[in-house]
Amino acid sequence: MKTLSFLGNDSDSAWNIFVTQVERVRPHLGELEAWIETLMRPKRALIVDIPLEMEDGTVRHFEGYRVQHNLSRGPGKGGVRYHADVTLDEVMALSAWMTIKCAVLNLPFGGAKGGIRVDPATLSQKELERLTRRYTSEIGLIIGPQQDIPAPDVGTNAQVMAWMMDTWSMNVGATTTGVVTGKPVHLGGSLGRVKATGRGVFVTGRQAASHLGLPLTDARIGIQGFGNVGSVSAQLFAEAGANIIAIQDHSATLYSAAGIDIEALSAWQQKEGKIAGFPGVDTVEPGTFWELEYDIVIPAALEGQITPERARNLNCRLVLEGANGPTLPQADDILRERGILVLPDVICNAGGVTVSYFEWVQDFSSFYWSEEEIYQKLDQIILNAFEEVWKNAQSKGISLRTAAYATACERILTARKERGIYP
Ligand code: GLU
């Protein structure tokens, strides 16, 4: 499936997962289908070379990207990923998922994403800062508070955003907090942003569970990934009385039938930088994670994790997509046939970008809301979107993903059509 001349043929590549997902929405678009090609390619993609002087005086080159998939509804919005496996294909898909996500939530943004192919754990703090500053300068041509607003993603955090904000501001000669979101709170960051994605997974997941008649008390939950998204959702589900029986990250797969102590594990991870070695639980083979008996599974790491084979064996009632693109389209079909409900990424993990939107608004007005106000507005926006998509899926007999894409595509393609083609 080669949709663009410079891409490979891997049908499971992140970009091709996105294309398949969009293809599935065609029959539900009416006359707007005529505009669907708009979504099948990014509006703009920038590839940059980042030369970095290492601590030992040598120079290494890193490849970075910023892709603006669609800007019909507003400026580009989306994170920056630092990971050893980042490719243009992946960043394109991630930018496209942002287009859909912002439209489902009705945030006034298009979709964008950036990334650098680098394992940040191999760099010193100074190298990381220089890498970030040079990358920001290179993509400075196309980002800006009214153009495209980066944020954290896998491998980046509030400190990286502070360097990005400073670099862009130095280059234009004025402190511009609204150029990135997910910044430290005293630099124009929003209260609640760090926990926002995990909170969104919890709030939408709790709602989906309640529609299924699945009580959270003693629910058995498995979580893949223990970064910002996995750890916060683990904590919130544990507080609601669920048992987090398995957690997997790159270092280990932990299992405890009685439930893992999330607070203690978070403290361990803070100290050790990984979950491996955490005492008092069993360490099992990575493959075992997909074979345990659960009520809820939360993939909160990278894309493409739920393959058709894993979907055939998965033992749960509900999948909450904390990660972007964790389920392959064929696996989606298998889960649906097996009666396992999938709450798609574009709603489930949209809490992060929703609070990013609040941060951007607060930066413009220089007026800041309390954490309570942020959570109240977040819950309201994300639950409204959830219920709208739920109703559409029920009434049309389609999956939540296709229903979410139908809502999003209708908004994006209506905007596209109304704007018309220039010149
Ligand atoms: N990286 C996050 C996501 O995938 C947040 C993006 C943002 O806040 O702009 O949704």
Side-chain angles (χ1 to χ4, degrees), residues 12-14 17-18 20-21 79 81 83 85 90 93-94 97 100-101 153-155 197-206 208-209 214 219-238 242 244-255 260 262 275 284-336 338 340-352 399-401 404:
D12 289 343
S13 85
I17 297 176
F18 169 74
T20 306
Q21 290 166 343
R81 179 170 292 198
H83 192 278
D85 298 331
E90 182 191 33
L94 291 165
W97 285 321
I100 303 290
K101 200 184 299 187
D153 195 74
V154 174
T197 312
R199 185 183 174 91
V201 172
F202 171 69
V203 169
T204 56
R206 181 179 56 187
L214 171 64
R220 295 155 304 174
I221 301 188
I223 303 183
Q224 189 198 36
F226 202 64
N228 176 259
V229 184
S231 64
V232 174
S233 33
Q235 188 197 331
L236 294 173
F237 276 106
I244 316 300
I245 62 167
I247 297 184
Q248 175 169 80
D249 79 351
H250 64 277
S251 70
T253 303
L254 307 181
Y255 171 72
I260 299 167
I262 300 303
I275 64 171
V284 298
E285 286 300 311
T288 309
F289 177 83
W290 301 102
E291 288 156 13
L292 297 167
E293 251 180 67
Y294 302 107
D295 296 295
I296 301 174
V297 169
I298 309 179
L302 298 173
E303 53 275 8
Q305 292 301 299
I306 305 189
T307 57
E309 195 193 337
R310 286 175 178 168
R312 271 188 284 274
N313 296 325
L314 202 60
N315 209 327
C316 68
R317 291 182 64 192
L318 178 60
V319 172
L320 303 177
E321 292 190 335
N324 290 310
T327 311
L328 297 177
Q330 232 190 315
D332 236 349
D333 297 340
I334 295 167
L335 292 174
R336 191 162 157 78
R338 294 188 57 220
I340 297 173
L341 184 72
V342 178
L343 183 60
D345 47 7
V346 291
I347 301 175
C348 187
N349 72 31
S399 70
L400 290 176
R401 191 183 318 277

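Just so it is clear, the model here is predicted, and its values are computed rather than measured.
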If only atom types and distance count, is the side chain of Arg220 paired as donor or acceptor with the main-chain N or O of Leu292 below 3.5 Å? no
Indicate yes or no: at least one non-hydrogen side-chain atom of Ile100 is less than 4.5 angstrom from one of Phe18. yes
Under a 3.5 Å distance rule, please check whether Thr288 uses its side chain to pair with a backbone N or O of Val284 as donor and acceptor. no
Donor-acceptor pair, side chain of Arg312 and main chain of Ala331, under 3.5 angstrom: no
Nearest 0.5 angstrom please: Ile296 CD1 to Cys316 SG, how far? 8.5 Å
Can you find a pair of side-chain heavy atoms, one from Ile262 and one from Ile247, that are under 4.5 Å apart? yes
Calculate, to the nearest 0.5 Å, the distance between atoms CG and CD belonging to Leu314 and Glu309 respectively. 12.0 Å
Under the criterion side-chain contact (heavy atoms from CB on, under 4.5 Å), which of Thr204, Ile298, Val319 is the partner of Leu343? Thr204
If you round to the nearest 0.5 Å, how far is CD of Gln305 from CZ of Arg310? 5.5 Å
Evaluate the criterion side-chain contact (heavy atoms from CB on, under 4.5 Å) for residue pair Ile221 and Ile245; output intermediate values, then yes/no. CA-CA 6 Å; Ile221 301 188; Ile245 62 167; over 6 Å; no
Quick one: pull up CG in Leu254 and CD1 in Ile244 and give me the separation to the nearest 0.5 Å. 12.5 Å
Would you indicate whether the side-chain heavy atoms of Ile340 and Leu318 approach each other to under 4.5 Å? no
What I'd like to find out is whether the side chain of Val342 reaches to under 4.5 Å of the side chain of Leu400, using heavy atoms alone. no
Heavy-atom side-chain contact between Thr197 and Val232 under 4.5 Å: no
Evaluate the ring planes of Tyr294 and Phe289, with Trp represented by its six-membered ring, and classify them as parallel (under 30°), tilted (30 to 60°) or perpendicular (over 60°). tilted
Kindly indicate, with the supporting measurements, whether the criterion side-chain contact (heavy atoms from CB on, under 4.5 Å) is fulfilled by Leu320 and Phe202. CA-CA 9 Å; Leu320 303 177; Phe202 171 69; over 6 Å; no
Side-chain heavy atoms of Pro308 within contact of Ile334, under 4.5 Å: yes
Closest non-hydrogen atom pair, Gly304 against Leu328: CA-CD2, 4.0 Å
Can you give me the closest heavy-atom contact between Pro329 and Ile17, atom names plus distance? CD-CG2, 3.7 Å
Check whether more than 12 heavy atoms from other residues, nucleotides or ligands sit under 6.0 Å from atom CD of Glu291, and answer yes or no. yes
Return yes if some donor-acceptor pair links the side-chain N/O of Asn349 with the main-chain N/O of Ala323 below 3.5 Å, else return no. yes
Do Asp249 side-chain atoms and Ala252 backbone N/O form a donor-acceptor pair below 3.5 Å? yes
Give a yes or no on whether a salt bridge exists between Glu90 and Arg81, defined as a side-chain N under 4.0 angstrom from a carboxylate O. yes
Would you say the side chain of Ile306 lies within less than 4.5 Å of the side chain of Leu335, judging by non-hydrogen atoms? yes
Apply side-chain contact (heavy atoms from CB on, under 4.5 Å) to residues Arg401 and Thr327 and explain how you reach the verdict. CA-CA 11 Å; Arg401 191 183 318 277; Thr327 311; 3.9 Å; yes
Would you call Leu302 and His83 a side-chain contact if the rule is heavy atoms closer than 4.5 Å? yes
If only side-chain N and O atoms count, and only distance matters, is there a donor-acceptor pair under 3.5 Å linking Gln21 with Trp97? yes
Closest non-hydrogen atoms of Val229 and Gly322, given as atom of the first, atom of the second and distance, are CG1-O, 3.9 Å
Output yes when Glu321 and Lys101 qualify as a salt bridge under the 4.0 Å nitrogen-oxygen rule, no when they do not. no
What do the steps show when you test Trp290 against Gln248 for side-chain contact (heavy atoms from CB on, under 4.5 Å), and what is the final call? CA-CA 10 Å; Trp290 301 102; Gln248 175 169 80; 4.2 Å; yes
Where do Glu293 and Arg317 land on the salt bridge (charged side-chain N to carboxylate O under 4.0 Å, His left out) test, with the steps shown first? CA-CA 10 Å; Glu293 251 180 67; Arg317 291 182 64 192; over 6 Å; no
